[in-house]
Amino acid sequence: MMSQHEELSVIDRAAAAQGEKTLDTVFLQLIDSNDIDAILQQYPQRPAQLMQLASHASRAAFEHQDAEALRQVHQTLFYAYHAHLAEPLSCSSRNQYHPVLLQVRSFLESQWLASEKRRASAHGSLSPKNIVAELQALWKNHAVSAHALFDFLEHEANSQQLYYFFKSDSALNLLFFDLVAMTLVGSFPETRGEISQNLWDEIGQGSNEFTHVNLYKDLLQRRGIDLPDDHYTHLYDWQGLAGYNLFMMGGVTRSHYYKFIGMMAMTELLDPSQYEKLVNGSRRLGLSERDVHYYSEHISVDVDHADGWLNNVIVPVAERYPQAMEEIYFGARLRLQTCQDYYDNVLRTLKAL
């Protein structure tokens with residue numbers, strides 16, 4: 001959890017203070033305000049203006065793939081979701097369920113998901129007996145499962161490029177404990193053992209030294225990489241924000257819970273082979289076993305986690321609620337699609353350094 005002054009980056013606050021009338025800056029001014037209702041009373045047209053900005057931005061983003069509009073939409077969603085992690089006495093925490101802000105968030109979510117569904121290909125029928133095989137096939141056949149980013153990191157990247165990757169990887173890695181914890185809320189009793197085992201592994205099986213958050217922070221510290229309050233989310237283009245937002249959307253919105261467990265299972269399937277290449281590249285550049293402990297541990301642990309998510313979480317859900325399988329499958333596909341966008345962008349960025 002971040003302190004009241006650590007919720008948003010200096011860049012975020014500076015842009016909002018300048019009075020820029022973009023969707024994200026207007027939304028930030030409201031969610032970060034001491035008295036949102038006083039502002040809305042003084043400017044009664046503000047909710048309509050905000051929805052107009054949201055409508056224009058989402059149309060440009062999802063119909064025309066305008067990069068700036070995509071950034072505004074996902075920056076706005078980032079602010080909305082971040083309220084769920086904010087310091088409890090902060091302004092954004094107090095405003096997290098304000099109806100004006102929730103209306104904007106819900107609208108942007110619906111437009112985003114509709115866009116992602118349009119680019120998803122059709123699939124065969126799903127059943128509790130084939131859901132595991134279908135998800136594994138989805139993973140193996142998607143281009144992101146063998147993305148060129150990790151070949152580049154393994155064989156070509158220099159230290160500057162590798163360290164930039166570590167920075168860009170910080171936000172979700174340092175959030176993952178919270179995400180696993182979110183999957184426990186409202187879970188079926190027969191799935192809680194598996195989810196709890198994931199959580200236990202995230203906290204180093206009770207060892208503060210080996211909790212995954214501390215392992216990652218140790219990697220950054222040992223390589224002389226300072227960790228800013230925003231965990232490098234200021235580096236993100238819209239692709240990075242979308243990947244972060246996807247998990248947060250699933251974690252804080254009950255109607256997306258089944259998508260969420262699909263996302264989590266797909267993440268565990270993706271990581272081991274990619275992290276193996278990353279570790280090889282890190283060793284090529286002189287990093288020690290301790291430096292890469294976070295990633296090397298996930299090479300083996302995530303194989304078990306993937307099997308556990310598939311067979312001990314998703315299958316029981318599918319058997320109890322067969323209609324949930326479409327949501328689970330779509331969540332897995334969402335993870336792959338947003339991951340592809342993000343890795344494509346990171347690779348372009350690394351090559352330009």
Side-chain angles (χ1 to χ4, degrees), residues 2 6 8-12 67 70-71 74-75 77-79 81-82 85 143-179 212-248 263 266-267 270-282 284-285 287 291-296 298-299 302 334-353:
M2 297 184 181
E6 292 175 341
L8 303 168
S9 73
V10 173
I11 296 172
D12 295 329
L70 283 161
R71 186 204 62 78
H74 283 293
Q75 190 72 67
L77 287 172
F78 177 86
Y79 295 147
Y81 297 137
H82 207 272
L85 301 174
V144 78
S145 65
H147 199 280
L149 169 62
F150 293 92
D151 295 316
F152 178 81
L153 290 168
E154 182 175 22
H155 300 295
E156 301 179 48
N158 59 34
S159 294
Q160 180 190 13
Q161 292 164 326
L162 179 67
Y163 291 2
Y164 186 96
F165 176 84
F166 290 154
K167 292 175 183 178
S168 72
D169 218 24
S170 295
L172 272 179
N173 288 344
L174 296 175
L175 179 68
F176 211 73
F177 170 86
D178 300 86
L179 295 174
H212 289 181
V213 166
N214 286 342
L215 286 177
Y216 202 78
K217 288 182 176 180
D218 185 61
L219 162 62
L220 298 180
Q221 183 178 27
R222 286 172 58 80
R223 305 316 300 179
I225 303 171
D226 293 330
L227 183 65
D229 294 336
D230 69 357
H231 295 172
Y232 287 108
T233 54
H234 67 271
L235 294 179
Y236 285 159
D237 294 325
W238 68 264
Q239 298 93 335
L241 291 169
Y244 186 99
N245 288 341
L246 184 68
F247 283 104
M248 287 299 296
M263 297 170 206
M266 192 54 65
T267 298
L270 279 171
D271 285 349
S273 61
Q274 294 173 337
Y275 283 179
E276 187 171 2
K277 293 179 180 180
L278 175 59
V279 167
N280 289 340
S282 299
R284 173 178 59 81
L285 292 169
L287 274 69
D291 290 334
V292 297
H293 188 167
Y294 173 88
Y295 287 108
S296 60
H298 282 76
I299 293 171
D302 284 0
L334 283 169
R335 173 58 175 155
L336 293 172
Q337 291 175 180
T338 56
C339 206
Q340 177 84 48
D341 292 337
Y342 172 62
Y343 287 165
D344 287 349
N345 187 61
V346 171
L347 183 57
R348 286 193 298 269
T349 301
L350 295 185
K351 288 185 174 182
L353 290 178

Mind listing the closest non-hydrogen atom pair of [X] and [Y] along with its distance?
| X | Y | answer |
| --- | --- | --- |
| Asp291 | Leu219 | O-CD1, 3.0 Å |
| Ala148 | Leu347 | CB-CD2, 4.0 Å |
| Ser145 | Leu270 | CA-CD2, 4.0 Å |
| Gly243 | Leu172 | O-CD1, 4.3 Å |
| Leu285 | Ala157 | CD1-O, 3.5 Å |
| Leu350 | Gln161 | O-NE2, 2.8 Å |

Exercise. Could you walk me through whether His234 and Tyr232 pass the ring pair (Phe, Tyr, Trp, His ring centres under 6.0 Å) check?
Worked result: CA-CA 5 Å; His234 67 271; Tyr232 287 108; 5.8 Å; yes
For this session: For Asp344 and His147, test the side chains for any donor-to-acceptor distance below 3.5 angstrom and give the result as yes or no.
Result: yes
For this session: Taking atom types as modelled, find out whether Asp169 and Tyr294 have a side-chain donor-acceptor pair closer than 3.5 angstrom.
Result: no
Side-chain heavy-atom pair [X], [Y] within 4.5 angstrom cut-off:
| X | Y | value |
| --- | --- | --- |
| Asn345 | Thr349 | yes |
| Gln239 | Leu70 | no |
| Asp151 | Lys277 | yes |
| Phe165 | Ser282 | no |
| Arg284 | Glu154 | no |
| Met248 | Phe78 | no |
| Tyr164 | Leu235 | yes |
| Leu220 | Tyr216 | yes |

For this session: Report the relative orientation of the aromatic rings in His212 and His298; use parallel for angles under 30°, tilted for 30 to 60°, perpendicular for over 60°.
Result: tilted
Exercise. Parallel under 30°, tilted from 30 to 60°, perpendicular over 60°: which one fits the rings of Phe166 and Tyr163?
Worked result: parallel
Problem set entry | Ring-ring centroid check Phe150 Tyr343, cutoff 6.0 Å | yes
Exercise. Hey, is the main chain of Leu149 close enough, under 3.5 Å, to the side chain of Gln274 for a donor-acceptor pair?
Worked result: no
For this session: Without swapping roles, check the side chain of Gln340 against the backbone of Gln337 for a donor-acceptor pair under 3.5 Å.
Result: no
Quick one: [atom1] on [X] to [atom2] on [Y], what's the gap to the nearest 0.5 Å?
| X | Y | atom1 | atom2 | value |
| --- | --- | --- | --- | --- |
| Leu334 | Met263 | CG | CE | 5.5 Å |
| Cys339 | Asp271 | SG | CG | 8.0 Å |
| Thr338 | Leu241 | OG1 | CG | 12.0 Å |
| Leu153 | Asn158 | CG | CG | 10.5 Å |
| Thr267 | Phe247 | OG1 | CZ | 3.0 Å |
| Ile225 | Lys217 | CD1 | NZ | 14.5 Å |

